[in-house]
Amino acid sequence: MAKIKIDPVTRIEGHLKVETVVEGGKVVEAKSSGMLFRGFELILKDRDPRDAVQITERICGVCSVAHGMASVLCLDNAFGIADKIPDNGRIIRNLICGAHYIHDHILHFYHLAGLDFVDVTKLSEYEGKDPSLSSIKDFIRRAVDAGDMSLLAPFYPRYEGDYRLPQKVNEQACAHYVQAFDARRLGHELTSVFSGMVPHPRALIPGGVTSVPTTDRIANFFWRLNKLREFIDNVYIPDVCAVAQVYSDYFHIGKGCGNYLSYGIFDLKGGRLLKPGVTSGLDLAHRSLDPKMITEDVSRSWYEAPILHPSRGRTEPNPYKPDAYSWIKAPRYDGKVYEVGPLARLMVSYAQGNPEVKRLVDSYSGDLGINAGGLASTMGRHLTRALETKIVADNMAKWILELNPGEPVYYDFDLPEKGSGAGLWEAPRGALGHWIEIKDHKIKNYQCVVPTTWNASPRDSQEHPGPIEQALIGTKVKDEENPFELVRIVRSFDPCIACAVHVLKPKGREVGRWLI
Amino acid sequence: METVSRRDFIKLASLSAVGVLGLRLVSTQGLNLLSAKTKVSELPVIWLQSGSCSGCSVSVLNTKSPTITNVLVDEVVPGHHVNLLFHPTVMAASGEKALSMLDPKKDFALVAEGSFATKDEGVYCMVGEETALKRLTDLGKRAIAVIALGTCAAYGGIPAADPNPTGAKGVKKIFDEYHISTPVINVPGCPAHPDWFVGTIATILASGLQAVELDSQGRPLAFFEHRIHDKCPRRGYYDMGKFAKKLSDPYCLYQLGCKGPITHADCPTRLWNGGTNWCIGAGHPCVGCVEPGFPDDTSPFFRKISLMNDALKNDVTEWIGKGLGIAALTGVGAHLGTTAASGRFKKEEEE
């Protein structure tokens, strides 16, 4: 029996520790622990409700756009103006979120997950003329000349062994790693055309947005977007397929819990582009989502319910709680473990028969020799993330042309004395919910349940491990010194720990009592 | 052509690095950009994330010229390369291999991102089974300089907002308490602008630490000298007394809560995301995110400065009183006074 502890897990957002017990080369036990607590809900209390948007964005610098959106939806709902958002406001919100999705998915595949598959050091043998690859070769030479390996940081040290891409493919992947830095930056620039800036966009407000669509902005956005669509179609998706072909065993590694949940995202006139729902990998049958069935469990998390006010929806952090091992709580749906994220969104949409999703998923999984159910895997998460990027970007190219310069972008409102609301949205890495209670024009209670809280959750009171833990359990680890399998699995979920840890809810209490 | 094979890599790893690198960050003689060097000097950097959202890291990835590839791989200033030893969001290594980079055998600069929890000895943030607080003080003592990147690392930021559940603090405050004398440069912002970070690093590399002039809040004057309000493209409307009545109106946002008059940064001229746009360009009031009092002293974000409650106003007056900002609040009054007196305000209304 061996214990493999990976702390910190890097190339994710935030502070995550993963501990596994390996017996006979196979993971038999896994624990994922969030290692940061900041207490956002406590900070939000008694503030002006409108300030929640800017403050909750700071929960996470990677998903700030998604938090801003969940927060404005939550406030729209609490202020009773959810049905009054003008079309321009609705569309610009979608464009801001869509552009952020493009940035985020590209960042994840190339810069967070990429170095698990691509071997940058092989460029020391590069003989071509690509300027970016030549400059990496020079960078490697400097380290060699100086006799100092640490000069190869941040690309070295690393796990050694399982880099399988053939030389030409590897070279191309390295060039695309560099090119993708520009593409993801362009994704952020695209976002800021309407959001002012990112991370932490400014234009999102209850009632709509503050930024105005002018013809020059529309044209500017359209052509930036087209450049990214070219990258998605000609670089990103082909790269994912190339990696998937060489690492095809990862279609069978890191399956996870097999249950999928999505709140749905991108508000169109007749509902969302990707619709809410739950499904299971076993039957791929659509079931509608009932937010009332969401609960949170703190059995193994460093929190206690206070003795005096359990009815107030607050718990207290207790870093010394016995048997607890994470700052992340354990959300469950209908008492069961659910995965969220691009895989979950496309599984739910597939189960609903969304034609665009079905066509893409069937065609790509067919080419790669798997069926839709086989997407439930480490590589399946990368593939669905890439396909989703295409779906979002292609739809944005239609939405941008629906904007009407001169028409209103938001609905003005009076701040209500009291009220409550919910905002359910999808961050790039999965289902995101914000809930608010307002009293005396101030925030009485604010709660967030975020994607990684679902995915990186610890065990619950029934001893059910969370989705990442389940994906790790049963995995064969070829080399315990270089446990590629484990980090590849964890990273495929695109965990975001800053988001995951800040939630204050008592054990087993229903979270979804505010309905949209 | 010399190449590196896998076996060479392993061989190299065992070679000593001592004596290979020569750069001293604090030099008495300014380094000259024009002096051609055959050898590239290395600036080893450890980037420690604590109670952060990683937003400042993501923002720095947005650097356009130089690009982030230039920063990581090329000579960011001719003859100087940034050797990023440790950065949790970017580095290839995980676990022990990653932690091994936190004990360099050479001089290094430290970049701190996020605020540092101090309550309960800092248990609220752990990096490799050690509190981020302990890592900061240990590395901070050894570093030749610290860049506190973002408002959280500089002043505490949002995690330190009332009621500050984890006792979060900025780097300088902690260094003062622990009697650590390592120089700290604050590069605030929520997030920090990539140019503010890369520009500060480039200045240090080209001319040494002493070349970075700081204001009373420890920020480089090069980026934080002027108030947003001073150079805002909507300033003309303010002077005319033409104010936005609702968000999305193209006029001065002062009445809707803009904190531009009490916020020091060059956003109006530098813009964000490669010059694409900025907060006020998108019709949103400035929230004062680079100031030590962000967010408590600059919120409610949608309430105008003169209507913020007395306690807040006093705080604001106090901290802006320390710098050029003293003119801000009085300036607002004076401007309105002048405009009204000269009849321009009225004329504007008549129009």
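Note that the structure is a prediction, hence the values are computed from the model and not measured. In the text below, chain A, chain B and the rest are named by the order of the sequence lines, each starting its count at 1.
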Side chain, backbone, both or neither: which part of A:L107 has a non-hydrogen atom closer than 4.5 Å to chain B? side chain
Below 4.5 Å from any heavy atom of chain A, which atoms of B:S115 appear? Answer side chain, backbone, both or neither. neither
Short side-chain to backbone donor-acceptor contact, B:N83 and A:S150, under 3.5 Å: yes
Is chain B contacted by the side chain of A:R47, its backbone, both, or neither, given a heavy-atom distance below 4.5 Å? side chain
Heavy-atom distance under 4.5 Å to chain A: side chain of B:C289, backbone, both or neither? side chain
Can you tell me which portion of A:S33 sits under 4.5 Å from chain B's heavy atoms? Options are side chain, backbone, both or neither. neither
Can you tell me how far apart CD (B:E130) and CG (A:D7) are? Round to the nearest 0.5 Å. 11.0 Å
Looking only at atom types and distance, does a side-chain atom of A:R11 sit under 3.5 Å from a main-chain N or O of B:P88, one as donor and one as acceptor? no
With rounding to the nearest 0.5 Å, note down the distance linking CH2 in B:W272 to NE2 in A:H200. 9.0 Å
Is it the side chain or the backbone of A:V178 that comes within 4.5 Å of chain B heavy atoms, both, or neither? both
For A:V487, is it the side chain, the backbone, both, or neither that has a heavy atom closer than 4.5 Å to a heavy atom of chain B? side chain
Roughly how far, to the nearest 0.5 Å, is the OG atom of B:S94 from the CD1 atom of A:I12? 8.5 Å
Counting only heavy atoms closer than 4.5 Å, note whether A:I55 contacts chain B via side chain, backbone, both or neither. both
Side chain from CB out, backbone as N, CA, C, O: work out which of these in B:L99 comes under 4.5 Å of a heavy atom of chain A, or both, or neither. side chain
Considering all heavy atoms, the nearest B:N273-A:G196 contact: OD1-O, 4.3 Å
Answer with side chain, backbone, both or neither: which region of A:S64 has an atom nearer than 4.5 Å to a non-hydrogen atom of chain B? neither
List the atom of A:R224, the atom of B:T276, and the distance in Å for their closest heavy-atom pair. NH1-OG1, 3.6 Å
Are the side chain of A:H111 and the backbone of B:V90 linked by a donor-acceptor contact shorter than 3.5 Å? no
What are the two closest non-hydrogen atoms of A:Y156 and B:M101, and how far apart are they? O-CE, 4.2 Å
Strictly distance-based, threshold 3.5 Å: is any side-chain N or O of A:Y410 a donor or acceptor partner for the main-chain N or O of B:S248? no
Minimal non-hydrogen separation, B:L72 against A:P154, with atom names: CD2-CG, 4.3 Å
What part of A:V193 gets within 4.5 angstrom of chain B, counting heavy atoms only: side chain, backbone, both, or neither? both
Ignoring hydrogens and geometry, is there a side-chain-to-backbone donor-acceptor pair from A:R185 to B:T67 under 3.5 Å? no
Non-hydrogen atoms of chain B under 4.5 Å away: do they reach the side chain of A:D182, the backbone, both or neither? side chain
When rounded to the nearest 0.5 Å, the distance separating CD1 of A:I136 from CG of B:D74 is 8.5 Å
Okay, A:D104 and chain B: the region with an atom under 4.5 Å from a heavy atom over there is neither
Output for pair (B:I158 CD1, A:E57 CD), nearest 0.5 Å, gives 9.5 Å
For A:R58 and B:T151, which I'm curious about, is there any donor-acceptor pair between the side chains at under 3.5 Å? no
Work out which heavy atom in A:T210 is nearest to a heavy atom in B:A282; give both atom names and the distance. OG1-O, 2.5 Å
How long is the gap from CG on A:L151 to CD on B:E42, to the nearest 0.5 Å? 4.5 Å
A:L186 versus chain B, heavy atoms under 4.5 Å apart: side chain, backbone, both or neither? neither
